[in-house]
Asks: 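Following this message is one structure expressed as structure tokens.
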Amino acid sequence: MSLIAPKTPPGVMELLPRQQVAFQGMLDTIRRGYERFGFLPVETPVFETTDVLLTKSGGETEKQVYFVQSTGALQQNRRPELALRFDLTVPLARYVAEHERDLVFPFRRYQMQRVYRGERAQKSRYREFYQCDIDVIGKDTLPVAFDAEMPAVIAHVFNELKVGGFAINLNNRKLLLGLLATVGVTLPERQALVLRELDKLDKVGRDAVAATLSSEEARLLDLLGEAGSTDEVLGRLRQLGSDQPQVREGLQELTQVVEGLRAFGVSEQNFRLNLTIARGLDYYTGTVYETFLDACPGLGSVCSGGRYDNLASHYTKSKLPGVGISIGATRLFSQLVDAGLIDGAGRSTSQILVTQLDPALTADYFAIATTLRAAGLNTEVHLEPAKIGKQMKYADRAGIPLVLVMGDQEKARGAVTLKHLASGNQREVSLATVADAARSMLEAG
RNA sequence: GCGACGGUAGCUCAGUUUGGUAGAGCCCUCGGUUGUGGUCCGAGUGGUCGUGGGUUCGAGUCCCAUCCGUCGCCCCA
């Protein structure tokens, strides 16, 4: 019988158990951070009906959607009625429109689930990946203060994740569109093109971008691309003295966001104004965010989002403005592991392995394990008889930090031997105090 | 969808120039060590050389086709 090659489909992240522990730890940290700011959990199905999912899509999005179809429907040649979500924001819009009467506004929700994009896999571009979103949806109105809270939450989470240096880049699309209008760019298609080119500024350089633009557009490019501190950039924008309404409004919002961030106590190191980021052109209408890690300069954003004034407009007549931001957890994890900022090989969930040295003492081993578990320690018994060296090797490879050994010598003394594998420390302790001893050896490392 | 590069052991790769018995390191298993993992030493398992066809006495190696993968473009976390 011929074997089928065991192979994960391209563009997915599949982890070994110890890596999975490390990844779960990261998700736990993000979840704790989101809850610390009072966001509520929501989950939605991985698939939506195609009419819900594709309302918003331009041609690009639709090309990346995976359709879901039953075998029966396939055989009847019917068009798929379901498709996999490609982000969590569109499902959120549907969710809010559908459950509007049962929700409390402003509605603060977090959602950490997998999304799917049918594009060609590349480095740190996955076809299945986790997004960890927070969004706030207002009823009729949503003050700009919420735009400032988003990056404050992210700064808190990234500091908890210990990712090293990071910078949340801030911009405002009203400001950008207003400035474009002042140089005569008012056609949506042209605006989109200029913004897309602007977005590439860091990547391909000023001259390459300017070559695709008119001279007036290029002058604007130089204004937007000029570096400087937060206050310098704001000052420069004010000096323009533009009375173009979108420019005034955008500048005022951006100023409020900066003031809010400072009031929240976010370090100046962790945010900056960057007038060249434009974000996806679909639904953002005001503030936009993109976050970059100092440790991974060449790689893209690991966390981005923005303000949208009319997201749910396809599903309801209610006005439901929102602002949200999303951590790309799969990409973030793989980058942090590559950069050595987190240990990709986590510990086992077992804290202690009770070995079987003497088959006659099996009942004692089980009883000791029960005692340790009752004391709150994750405990595993090596149920398969084997040489003690092999049992230790098992603990070492599985990432179990502590090993318990008891032979008839120890038993006669009412004691057990505990060995901490990483340090090699080994102690004989009284059976009566084994849980406390184990705990202190785990803490000592 | 477009472009570049690449497919040889579970993994990383050498071998291709000049056709001549399929290799190394790591991993894994066992042993050295009958109460001690990780280090060290020894042995062993593991391959239709991506697939199909062609040239040849003989193809991992040369020719043609094809599939798949990686990276980049577009777009995006």
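The sequence lines fix the lettering, A, B, ..., with proteins before strands; numbering per chain opens at 1.
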Asks: Provide the distance between the two P atoms, one in B:rG58 and one in B:rG1, to the nearest whole Å.
Replies: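 One P to the other, the span is 40 Å.
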Asks: For nucleotides B:rU48 and B:rU8, find the distance between their C1' atoms and express it as a whole number of Å.
Replies: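 Nearest-Å result for B:rU48 against B:rU8 at atom C1': 12 Å.
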Asks: Can you tell me, in whole Å, how much space there is between the P of B:rU45 and that of B:rG25?
Replies: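 Straight-line distance between the two P atoms is 15 Å.
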Asks: Can a donor-acceptor pair be found between the side chains of A:Q20 and A:R18 at a distance below 3.5 Å?
Replies: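 Note: A:Q20 and A:R18 side chains miss the donor-acceptor criterion.
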Asks: Tabulate protein N/O versus nucleotide N/O from nucleotides 32-43 of chain B, keeping only pairs under 3.5 Å, one per line.
Replies:
residue : atom : partner : partner atom : Å
B:rG35  : O6   : A:Q409  : OE1          : 3.2
B:rG35  : O6   : A:Q409  : NE2          : 3.2
B:rG35  : O6   : A:E410  : OE1          : 3.1
B:rG35  : N1   : A:E410  : OE1          : 2.8
B:rG35  : N1   : A:E410  : OE2          : 2.9
B:rG35  : N2   : A:E410  : OE2          : 2.7
B:rU36  : O2   : A:K419  : NZ           : 2.7
B:rU36  : O2   : A:Q426  : OE1          : 3.3
B:rU36  : N3   : A:Q426  : OE1          : 3.0
B:rU36  : N3   : A:Q426  : NE2          : 3.1
B:rU36  : O4   : A:Q426  : NE2          : 2.7
B:rG37  : N7   : A:K419  : NZ           : 3.3
B:rG37  : N1   : A:L421  : O            : 2.5
B:rG37  : N2   : A:D396  : OD1          : 3.2
B:rG37  : N2   : A:L421  : O            : 2.8
B:rG38  : O4'  : A:D396  : OD2          : 3.2

Asks: Have a look at A:S304 and say if it touches a base, only the backbone sugar-phosphate, or nothing, with a 4.0 Å heavy-atom cut-off.
Replies: sugar-phosphate
Asks: Take the protein atom CE of A:M13 and the nucleotide atom C1' of B:rA77, then report the distance between them rounded to whole Å.
Replies: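 Interatomic distance, CE of A:M13 to C1' of B:rA77: 12 Å.
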Asks: Anything under 3.5 Å between a protein N or O and an N or O of nucleotides 70-73 of chain B, put it in a table, one pair a line.
Replies:
residue : atom : partner : partner atom : Å
B:rC71  : OP1  : A:K123  : N            : 3.3
B:rC71  : OP2  : A:K123  : N            : 3.4
B:rG72  : OP2  : A:Q122  : OE1          : 3.4
B:rC73  : OP1  : A:K203  : NZ           : 3.4

Asks: Does A:V429 offer a backbone N or O that forms a donor-acceptor pair with the side chain of A:T433 under 3.5 Å?
Replies: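 Flag not set: sc A:T433 to bb A:V429 has no pair under 3.5 Å.
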Asks: Does any nucleotide pair with B:rU18 by Watson-Crick or G-U wobble geometry, both distances under 3.5 Å, and what is it?
Replies: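 The answer is none; no pair meets the criterion.
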Asks: Distance alone, cut at 3.5 Å: any donor-acceptor contact between the side chains of A:Q191 and A:T186?
Replies: no
Asks: Quantified in whole Å, what is the P atom distance between nucleotide B:rG19 and nucleotide B:rU61?
Replies: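 These two P atoms come out 12 Å apart once rounded.
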Asks: Rounding to a whole Å, what distance do you find between A:R127:CZ and B:rA77:P?
Replies: 18 Å
Asks: Using the C1' atom on both, measure B:rC62 against B:rC26 and round to a whole Å.
Replies: 33 Å
Asks: Between A:Y116 and A:E128, does any side-chain donor sit less than 3.5 Å from a side-chain acceptor?
Replies: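 On atom types as modelled, these side chains qualify, holding a pair under 3.5 Å.
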Asks: Using only heavy-atom distances, determine whether the side chains of A:Y110 and A:E35 contain a donor-acceptor pair under 3.5 Å.
Replies: yes
Asks: For A:R85 and A:T44, does a side-chain donor sit closer than 3.5 Å to a side-chain acceptor?
Replies: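 Note: A:R85 and A:T44 side chains meet the donor-acceptor criterion.
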Asks: Would you kindly say whether A:T417 and A:E410 are connected by a side-chain donor-acceptor distance under 3.5 Å?
Replies: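 The criterion, which ignores hydrogens and geometry beyond distance, is satisfied for A:E410 and A:T417.
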Asks: Rounding to an integer number of angstrom, what distance separates B:rG31 and B:rG37 when you compare their P atoms?
Replies: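 The answer is 12 Å between these two P atoms.
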Asks: Between B:rU29 and B:rA14, how many Å separate the two P atoms, rounded to a whole number?
Replies: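 About 28 Å, rounded to a whole number of Å.
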Asks: What I want to check is whether the side chains of A:Y126 and A:R331 have a donor and an acceptor closer together than 3.5 Å.
Replies: no
Asks: Regarding A:Y126, tell me which of base, sugar-phosphate or nothing describes its non-hydrogen contacts under 4.0 Å with the strands shown.
Replies: base
Asks: Using Watson-Crick or G-U wobble geometry with both distances under 3.5 Å, which nucleotide pairs with B:rG42?
Replies: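 For B:rG42, the partner nucleotide comes out as B:rC30, under the 3.5 Å rule.
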Asks: C1' atom, B:rG46 versus B:rU18: distance in rounded Å?
Replies: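 Pairwise C1' distance, B:rG46 against B:rU18, rounds to 31 Å.
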Asks: Does any nucleotide pair with B:rC2 by Watson-Crick or G-U wobble geometry, both distances under 3.5 Å, and what is it?
Replies: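 Answer to the pairing question: B:rG72, which forms a Watson-Crick or G-U pair with B:rC2.
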Asks: With heavy-atom distances below 4.5 Å as the criterion, would you say the side chains of A:N378 and A:E380 are in contact?
Replies: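 In short, these two side chains do not touch, never coming nearer than 4.5 Å.
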Asks: For B:rC62, what is the paired nucleotide under Watson-Crick or G-U wobble rules, both distances under 3.5 Å?
Replies: B:rG54
Asks: Return the orientation label for the A:Y308 and A:Y284 ring planes: parallel under 30°, perpendicular over 60°, tilted otherwise.
Replies: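 Correct class here is tilted.
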